[in-house]
Amino acid sequence: LFLTLVDSKSLAHGTPPDENYARELMQLFTVGLFELNLDGTMQRDARGEPIATYETLAIMSFARSWTGMSRQQPRSNIELSEDGSSVNNVDPMRIVSTWRDALPKMNLHHGYMGDHVPLCSDLPPRVARRAAQDEPAPRVHGRPRAALLRLAAAPLPAPRREVALIGHSAAAALTSDPPSIASAPNASLTLSKSSLLFERLCAAGDASGAAGAACTFPSEVIIDANLACSGDECGVATVRTVRVQSESETVYYEYMRPACVHLAFYNDAATIRTAGGVWPPEIGASTMCADPLSE
């Protein structure tokens, strides 16, 4: 019942997004049907009627927020469901970007989803390789200018630089790229063994720190300091997956960018295309409009 958001798509795919999960999440698990006072009694309007916490428009808006999520591929070490199917209800769902609703979405307080979250265009250049403590305080989306300056001047939580082990496949696990991109020869960045990032991801050495030990490949790595680039790393602005090859094994890590907000409308839009003029056929267009301030 509550997983009907799986494979929900934007209206651009022909049907409205599934509204069930958005409705049940509010009604049963969060705000409930009516506004409450601190003592638990219902708030009432001037006519004495209970004040509803949300309306149908809010359900429709929240439903658009849950588009583009799909299950991971089945794997053999998960038991079959009661009906005998091998669906994967264990791993975190992946995001299919072409299914996502990209337009602004209202919240319950006449603001927008993403208010108080930094703009993607304000993330520093080459964000994948910068230390959190060296970043300028980002602007906060959706706030009046006076409040914006106050929030920007206050200490903000440092965005995490995080990479997660995805195993022996180069395909990203938390996002879903079009096949023509995922299978491209340069889809993953191969790290040099002299790279400081390679050193962090390999994590060679045993508990005593012995040199020359095999890579341990931790499942999650948080980069908390600037790392000098090496080789091909110096020529990229950001990465999706990186290839780490030891003497005996090759594994891939997926980079998870800090949470940020892309504006639906922006100034000085740029037209972009892939290098060499090869455009993924799954997108259905030869060019794309993009914010030049965002990577």
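Residues: numbered from 1 along the sequence shown.
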If I take atom [atom1] from residue [X] and atom [atom2] from residue [Y], how far apart are they, to the nearest 0.5 angstrom?
{"X": "Met106", "Y": "His110", "atom1": "CE", "atom2": "NE2", "result": "7.0 Å"}
{"X": "Lys9", "Y": "Thr15", "atom1": "NZ", "atom2": "OG1", "result": "7.5 Å"}
{"X": "Glu24", "Y": "Thr30", "atom1": "CD", "atom2": "OG1", "result": "10.5 Å"}
{"X": "Ser188", "Y": "Tyr252", "atom1": "OG", "atom2": "OH", "result": "5.5 Å"}
{"X": "Phe198", "Y": "Ser246", "atom1": "CZ", "atom2": "OG", "result": "6.5 Å"}
{"X": "Met60", "Y": "Arg23", "atom1": "CE", "atom2": "CZ", "result": "11.0 Å"}

With a 4.5 Å cut-off on side-chain heavy atoms, are [Y] and [X] touching?
{"X": "Asn88", "Y": "Gln73", "answer": "no"}
{"X": "Leu36", "Y": "Thr41", "answer": "no"}
{"X": "Arg94", "Y": "Val96", "answer": "yes"}
{"X": "Met26", "Y": "Phe62", "answer": "yes"}
{"X": "Tyr112", "Y": "Lys105", "answer": "no"}
{"X": "Lys193", "Y": "Glu247", "answer": "yes"}
{"X": "Leu108", "Y": "Thr53", "answer": "no"}
{"X": "Val242", "Y": "Leu201", "answer": "yes"}

Flag yes if more than 12 heavy atoms outside Asp268 fall under 6.0 Å of its CG atom; otherwise flag no.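 No, because the 6.0 Å sphere around CG of Asp268 holds 12 heavy atoms or fewer from other groups.
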Is it true that [X] and [Y] fall in one hydrophobic cluster, defined by side-chain heavy atoms closer than 4.5 Å?
{"X": "Tyr255", "Y": "Val221", "value": "yes"}
{"X": "Leu11", "Y": "Trp66", "value": "no"}
{"X": "Leu33", "Y": "Ile59", "value": "yes"}
{"X": "Leu25", "Y": "Leu28", "value": "yes"}
{"X": "Phe29", "Y": "Met93", "value": "yes"}

Do Glu233 and Ser195 have a side chain donor and acceptor closer than 3.5 Å?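 Yes, a side-chain donor-acceptor pair sits under 3.5 Å.
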Between Thr67 and Asp101, is any side-chain donor less than 3.5 angstrom from a side-chain acceptor?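 No donor-acceptor contact under 3.5 Å links the two side chains.
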Option from Leu197, Thr250, Leu191 for which side-chain contact (heavy atoms from CB on, under 4.5 Å) with Val244 holds: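 So the option named by the test is Leu191.
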Do you know which two heavy atoms are closest between [X] and [Y], and how far apart they sit?
{"X": "Phe34", "Y": "Pro50", "result": "CD2-CB, 3.5 Å"}
{"X": "Ser230", "Y": "Ser194", "result": "OG-OG, 3.4 Å"}
{"X": "Asn37", "Y": "Gln43", "result": "OD1-CG, 3.1 Å"}
{"X": "Ala203", "Y": "Thr216", "result": "O-OG1, 2.7 Å"}
{"X": "Ala63", "Y": "Pro17", "result": "O-CB, 3.7 Å"}
{"X": "Ser65", "Y": "Met113", "result": "OG-CE, 3.7 Å"}

Walk me through whether Leu189 and Asp232 qualify under side-chain contact (heavy atoms from CB on, under 4.5 Å). CA-CA 8 Å; Leu189 174 66; Asp232 291 341; 3.8 Å; yes
Under 3.5 Å: donor-acceptor pair, side chain of His262, backbone of Ala102: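 No, His262 side chain to Ala102 backbone: no donor-acceptor pair under 3.5 Å.
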When you measure from the side chain of Ser8 to the backbone N and O of Asp18, does any donor-acceptor pair fall under 3.5 Å?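 Looks like yes, one N/O pair under 3.5 Å.
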Kindly indicate, with the supporting measurements, whether the criterion side-chain contact (heavy atoms from CB on, under 4.5 Å) is fulfilled by Val6 and Met69. CA-CA 6 Å; Val6 176; Met69 295 188 179; over 6 Å; no
Name the orientation class of the two ring planes belonging to Phe217 and Tyr253 (parallel below 30°, tilted from 30 to 60°, perpendicular beyond 60°).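 Phe217 vs Tyr253 ring planes: tilted.
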Start with the C-alpha distance between Ile95 and Arg100, add both sets of side-chain angles, then the distance that settles side-chain contact (heavy atoms from CB on, under 4.5 Å), and finish with yes or no. CA-CA 8 Å; Ile95 295 177; Arg100 292 281 295 162; 4.0 Å; yes
Check the pair Val251 / Glu249 against side-chain contact (heavy atoms from CB on, under 4.5 Å), numbers first and verdict last. CA-CA 7 Å; Val251 302; Glu249 189 174 8; 3.8 Å; yes
Salt-bridge contact Arg75-Asp91 (side-chain N to carboxylate O under 4.0 Å):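 A salt bridge links Arg75 with Asp91.
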